[in-house]
Amino acid sequence: MNENFEARLQDDIAELKEEGLYNRIRTLESPQGAWVDIEGEEKLNFCSNNYLGLANHHELVEAAQRAVDKYGVGPGAVRTIAGTMELHRELEEKLADFKKVEATLTFQSGFNANLAVIPAITGEDDVIISDELNHASIIDGCRLSRADLEVYEHADMDSLESVLEEVEARHKLIVTDGVFSMDGDIAPLPEIVELAEEHDAVVMVDDAHGEGVLGSHGRGIVDHFDLHGDVDIEVGTFSKAFGTVGGAIAGSETLVEFLRQKGRPFLFSSAVTPPDLAATIRAVEILEENNDLVKMLWNNAEKFQKEMKAAGFDVGGTETPITPVILGEAETASRFSERLFEEGIFAQSIGFPTVPRGEARIRVMISASHGQDDLEFALDKFKKIGLELDIIE
Ligand SMILES: *Cc1c(COP(=O)(O)O)cnc(C)c1O
């Protein structure tokens, strides 16, 4: 063992702890759901991205079990070598119909989808123009590209326009999150598309928090704004509303054909597993069949946000079920989170650098799986602790 190296890692860990940036990871003894078991106690789950409660939905579980019986548990290797399973094709076709695009391609995760697409489609002659609050996987995808990078101010169309006017390139790629995960605001996609048309730019949106949430039947941000055909590249994940694990890109047949040849995480990392594929296929079918879960999600979010505001909490400018409860200093937010946990609610605090200093928060993730009783229980606890810590009056 290299002792200098070990010592340096330990110093860095100690520093994280001092700065309040050390992640404490809880262990769950139950499936993801409205309530989860942690350390032998039931806690109301306000942290997961399981928007529609599909992570432990019996139909998805059964679909996964049937797939394991028929196809086993592993994909064997990358698809270019070991072949594509029927399930990959089936999911990609279903997803293309659902998203109303020509074609889709699956990846091991949404993170990998961004790492695949951005460096593959851009090179030294191109420029990537990225929203300053984009997800880490977009940032890393940009780092892997040889293209120049320009960052525009968050959702600021004047800032985007001035970058578009300044830069010269073979292609200008505008890339944005669809829904921003820390604030719950939605990217101004119609304006982005309009600017892209004026400046001959390519548009890419990462719809991780929009799929299963926005648009009719949860088709996502493109459907929400009725921009079918106007967005070149959509990135998605199965790990949020769809309840499983995996990622996808959606777009033209040509884009997908290109990425099958050039997307490095597609070429060099093994494919999504049979149970994940089968469960995700069922998730897409459930959404196609009816809009009930999406409606329940929005009803729950509206109720919770309305009552939190009425109680005097600052929930920022959210436009989606993501509910930031902005509390101020990091210590306050982490104290709030600890008190919630003691009172039976699992909701993590988030501080700098994930969000700006002085805007530390509890990010509440509302789900269709929460019942009205669950929301009432949570509202009571938030009010109780809010009074206790002088957040509300
Ligand atoms: C969660 C998220 C991802 C990562 O998705 P995984 O499938 O969990 O890797 C990518 N982009 C955005 C915007 C996300 O919110």
Side-chain angles (χ1 to χ4, degrees), residues 23 25 32 47-52 54-55 60 88 91-92 95 99 104-119 128 130-144 151 154-155 173-189 192 203-215 218 220-222 224 231 233-251 263-266 269-273 275-277 279-280 283-284 318-324 348 350 354-355 363-367:
N23 288 318
I25 305 175
Q32 282 288 351
C47 307
S48 89
N49 296 323
N50 184 19
Y51 284 111
L52 302 176
L54 293 177
L60 272 71
H88 292 111
L91 174 56
E92 285 164 354
L95 202 56
K99 305 278 297 177
T104 71
L105 187 65
T106 58
F107 293 88
Q108 306 80 7
S109 68
F111 203 110
N112 267 357
N114 277 321
L115 295 191
V117 68
I118 298 171
I128 304 169
S130 175
D131 187 291
E132 67 177 330
L133 294 188
N134 277 345
H135 189 261
S137 56
I138 294 179
I139 295 170
D140 287 6
C142 294
R143 285 184 181 145
L144 290 173
V151 174
H154 174 53
L173 173 69
I174 305 170
V175 52
T176 183
D177 278 20
V179 175
F180 290 85
S181 59
M182 291 302 140
D183 293 286
D185 56 326
I186 302 176
L189 202 55
I192 291 174
V203 178
M204 167 170 160
V205 63
D206 180 341
D207 204 16
H209 283 280
E211 273 171 344
V213 176
L214 294 177
I221 189 169
V222 170
H224 170 79
V231 170
I233 304 155
E234 286 177 73
V235 167
T237 175
F238 308 149
S239 72
K240 291 178 176 134
F242 292 165
T244 62
V245 166
I249 66 102
R264 289 170 68 84
F266 182 82
S269 182
S270 291
V272 186
T273 66
D276 274 311
L277 292 165
T280 310
V284 175
T318 182
E319 302 170 85
T320 62
I322 295 172
T323 311
Q348 295 284 56
I350 296 169
T354 310
V355 297
R363 188 185 59 160
V364 173
M365 300 301 286
I366 297 291
S367 169

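Both ligands and their constituent atoms are indexed starting at 1 by order of listing.
- Close approach of ligand 1 to Ser109 (heavy-atom distance below 4.0 Å) involves ligand atoms 7 (O), 9 (O).
- Side chain to side chain, His154 and Asp183 fail the donor-acceptor criterion of an N or O pair below 3.5 Å.
- With respect to atom 6 (P) of ligand 1, the closest heavy atom belonging to the protein is Gly110 N, 3.4 Å.
- The shortest separation from a heavy atom of Ser137 to ligand 1 is under 4.0 Å, placing the residue in contact.
- At a threshold of 4.5 Å between non-hydrogen side-chain atoms, the residues Pro321 and Val213 count as touching.
- Per-residue contacts place Asp177 under 4.0 angstrom from the following atoms of ligand 1 (heavy atoms of the residue considered): 13 (C).
- Remark: minimum distance from atom 15 (O) of ligand 1 to any protein heavy atom is reached at Lys240 NZ, 2.6 Å.
- Which parts of ligand 1 touch Ala208 is read off a 4.0 Å heavy-atom cut-off, strictly below it: atoms 2 (C), 11 (N), 12 (C), 13 (C), 14 (C), 15 (O).
- At a heavy-atom cutoff of 4.0 Å, ligand 1 is contacted by no atom of Ser181, backbone or side chain.
- Among all protein heavy atoms, the one lying closest to atom 9 (O) of ligand 1 is Phe111 N, 2.9 Å.
- Protein heavy atom nearest atom 8 (O) of ligand 1, with residue, atom name and distance: Ser239 OG, 3.0 Å.
- For ligand 1, the atoms sitting less than 4.0 Å from at least one non-hydrogen atom of His209 are 15 (O), numbered in the order shown with element in parentheses.
- Of all the heavy atoms in Pro324 and Thr318, the pair that sits closest is CD-CB, 3.9 Å.
- For the pair Gly246 and ligand 1, a heavy-atom separation below 4.0 Å is found.
- Nearest protein heavy-atom contact of atom 13 (C) of ligand 1 is Asp206 OD2, 3.2 Å.
- In this structure, Lys240 and Met365 have side chains that are not in contact, with every pair of non-hydrogen atoms separated by 4.5 Å or more.
- The shortest side-chain heavy-atom distance between Leu115 and Asp140 falls under the 4.5 Å cut-off.
- In the vicinity of Thr237, heavy-atom distances shorter than 4.0 Å reach the ligand 1 atoms 5 (O), 6 (P), 7 (O).
- With sequence neighbours excluded, no residue satisfies ring pair (Phe, Tyr, Trp, His ring centres under 6.0 Å) with Phe238.
- Checked against salt bridge (Lys or Arg N to Asp or Glu O under 4.0 Å), Lys99 has the following partners two or more places apart in sequence or in another chain: Asp207, Glu211, Glu234.
- Across Ala248 and Ala113, no two heavy atoms sit closer than the pair O-CB, 4.0 Å.
- Nearest heavy atoms, Val235 versus Gly110: CG1-O, 4.2 Å.
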